[in-house]
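Shown next, in structure tokens, is the structure this report addresses.
Quick note on labels: first sequence line is chain A, next is B, and so on, each numbered from 1. Every value quoted in this text rests on a predicted model; they were computed, and no experiment measured them. Quick note: numbers below take in every heavy atom, side chains included, and nothing from hydrogens, waters or symmetry partners.
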2 protein chains.
Amino acid sequence: MYDAFLAVCPSRQLLERISGKWVVLILSALGSGPDCTGDPRPMRYSELSRLLSGVSQKMLTQTLRALERDGLVSRTVTPTVPVTVTYELTDLGLSLHRLMRDVKAWAETNMDDVAASRVTYDEAGAR
Amino acid sequence: MYDAFLAVCPSRQLLERISGKWVVLILSALGSGPDCTGDPRPMRYSELSRLLSGVSQKMLTQTLRALERDGLVSRTVTPTVPVTVTYELTDLGLSLHRLMRDVKAWAETNMDDVAASRVTYDEAGAR
DNA sequence: GGTGTAACTTCCCGATGGGAAGTAGGCACC
DNA sequence: GGTGCCTACTTCCCATCGGGAAGTTACACC
């Protein structure tokens, strides 16, 4: 039905949306604790901001809004003082979380192989 | 050992590299035919260019080079005329291919749910 | 010598992401 | 009662990145 290989297919736009470092990291984070081993749980904006080191406030807000619009996370405002905003995976988001966590884990487990390959490649190019 | 949540961790840079629509599409394509159901097989530059509609030559070349440097694909030049260049998944690339194919499939199978969520979100915002 | 093709490569420009500073709004402190 | 602080944004500016199109190389065929 849908085919992301086609530029005009809506699934291509969706793929562009969900492929991106911040989406991978946010969905990985929301599904578990900092070590990414726990169960899915809601997290506060400030908690995400701290966990995803290097993320700008702008990108965090922007990415979370997009994920909310796409029905992957839900946003809850609690009128404490100051206000508390929590983000939680929806069922749909949970299904993608499992993939994203695997992608993040792949990067971490295969880092050494990739680094070795880069050294070999760069040495060959210097010849 | 590695933790992609940390901005300074090498695995973060690797995650940035492999998260991106063209990487997902190229690795999905190389692992199978146009319908993404076959076995991994080598593909020519021009074949990839045709399959991934909308990709610029610049981005295709650039992404393939990066994947080659990282040891995910191998590049073979056959001195026909004009030259034939084929790209093939390495074992390392094959392991990532399985994840990428799932991500692409996720986008295609969940497109309807996401589209529905967007409509709901936009309507609520218009109020 | 002109033409054609595959696989790039280069140049230009508009879009996108990061950094930093500004905003809202409610309470707490002096 | 005015100043300050806190969270969660929002805005502005600029550097980088991606897309589009044209140029390049190498050789074979006409």
Side-chain angles (χ1 to χ4, degrees), chain A residues 4-9 12-26 29-30 42-69 73-88 121 124-125, chain B residues 4-9 12-26 29-30 42-69 73-88 121 124-125:
Chain A
F5 283 140
L6 302 173
V8 294
C9 181
R12 167 69 76 88
Q13 270 83 50
L14 181 54
L15 183 61
E16 292 177 17
R17 181 43 63 69
I18 64 174
S19 65
K21 58 178 173 180
W22 298 127
V23 172
V24 175
L25 290 172
I26 288 175
L30 282 176
M43 293 179 75
R44 296 186 55 181
Y45 178 89
S46 54
E47 189 180 5
L48 281 169
S49 183
R50 246 173 289 118
L51 180 58
L52 310 190
S53 80
V55 70
S56 66
Q57 291 185 319
K58 175 180 146 185
M59 280 312 295
L60 183 55
T61 302
Q62 193 173 301
T63 308
L64 284 168
R65 283 277 194 287
L67 293 177
E68 187 195 1
R69 187 169 105 99
V73 305
S74 63
R75 179 174 180 271
T76 309
V77 179
T78 311
T80 52
V81 67
V83 292
T84 305
V85 181
T86 58
Y87 296 90
E88 188 170 10
Y121 184 93
Chain B
F5 284 139
L6 303 172
V8 295
C9 180
R12 166 69 76 87
Q13 270 82 51
L14 181 55
L15 184 62
E16 292 177 16
R17 182 40 66 68
I18 64 174
S19 65
K21 59 178 171 178
W22 297 127
V23 172
V24 175
L25 289 172
I26 288 175
L30 282 176
M43 291 179 76
R44 297 185 55 179
Y45 178 91
S46 55
E47 190 181 3
L48 282 168
S49 182
R50 247 174 288 118
L51 180 57
L52 310 190
S53 80
V55 70
S56 66
Q57 291 186 318
K58 176 179 147 185
M59 279 314 295
L60 183 55
T61 301
Q62 192 172 302
T63 308
L64 284 167
R65 283 278 192 288
L67 294 177
E68 186 195 0
R69 188 169 106 98
V73 305
S74 63
R75 179 173 179 270
T76 309
V77 178
T78 311
T80 53
V81 66
V83 294
T84 304
V85 181
T86 58
Y87 295 90
E88 190 170 8
Y121 184 92

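- The separation between A:L25 atom CG and C:dG17 atom P is 15 Å, rounded to whole Å.
- Checking B:Y45 against B:T84 by side-chain atom types alone, no donor-acceptor pair falls below 3.5 Å.
- Comparing A:P82 and A:V55 by the nucleotide of DNA chain C that holds the closest heavy atom to each, the one mapping nearer the 5' end is A:V55.
- The distance from atom CD of A:E47 to atom C1' of D:dC9 is 18 Å, rounded to the nearest whole Å.
- When distances run from any side-chain atom of A:Q57 to the nucleotides D:dT10, C:dG18, C:dA7, the shortest one goes to D:dT10.
- The residue B:T80 sits apart from the nucleic acid: no heavy atom pair falls under 4.0 Å.
- In this structure, A:M59 atom CE and C:dG17 atom P are separated by 5 Å, rounded to whole Å.
- B:S49 comes within 4.0 angstrom of no nucleic acid atom, judged by non-hydrogen atoms across all strands.
- The minimum heavy-atom distance between B:A4 and A:L25, with the atom names listed, is O-CD2, 3.7 Å.
- Distances shown here put every side-chain N or O of A:T61 at or beyond 4.0 Å from the OP1 or OP2 atom of D:dA8.
- A distance-only check finds a donor-acceptor pair linking the side chain of A:R12 to the backbone of A:F5 [under 3.5 Å].
- Distances shown here put every side-chain N or O of B:K58 at or beyond 4.0 Å from the OP1 or OP2 atom of D:dA22.
- Not one side-chain nitrogen or oxygen of B:Y45 sits closer than 4.0 Å to the OP1 or OP2 atom of C:dT5.
- In this model, the phosphate group of C:dC8 is not approached by any side-chain N or O of B:R44 to a distance below 4.0 Å at OP1 or OP2.
- With distances taken from any side-chain atom of B:S56 to the nucleotides D:dC9, C:dC27, D:dG19, the minimum falls on D:dG19.
- Each of D:dC9, C:dC27, C:dA7 was ranked by its minimum atom distance to the side chain of A:V81; first place goes to C:dC27.
- Here D:dA8 presents its P atom at 18 Å from CD of A:Q62, a figure rounded to the nearest Å.
- In this entry the distance linking CG of B:L60 with P of C:dC8 reads 8 Å, nearest Å.
- When atom types are taken as modelled, the side chain of B:T80 and the backbone of B:P82 share a donor-acceptor pair closer than 3.5 angstrom.
- Taking atom CD of residue A:E68 and atom P of nucleotide D:dC9, one finds them 9 Å apart after rounding to whole Å.
- As rounded to whole Å, 16 Å separates atom P of C:dA6 from atom CZ of B:R75.
- To the nearest 0.5 Å, atoms CG (B:L64) and CE (B:M59) are separated by 10.0 Å.
- In terms of phosphate contacts, A:R65 brings a side-chain nitrogen or oxygen within less than 4.0 Å of OP1 or OP2 of D:dC9.
- Between the C1' atom of C:dG17 and the CH2 atom of A:W22 lies a distance of 10 Å, rounded to the nearest Å.
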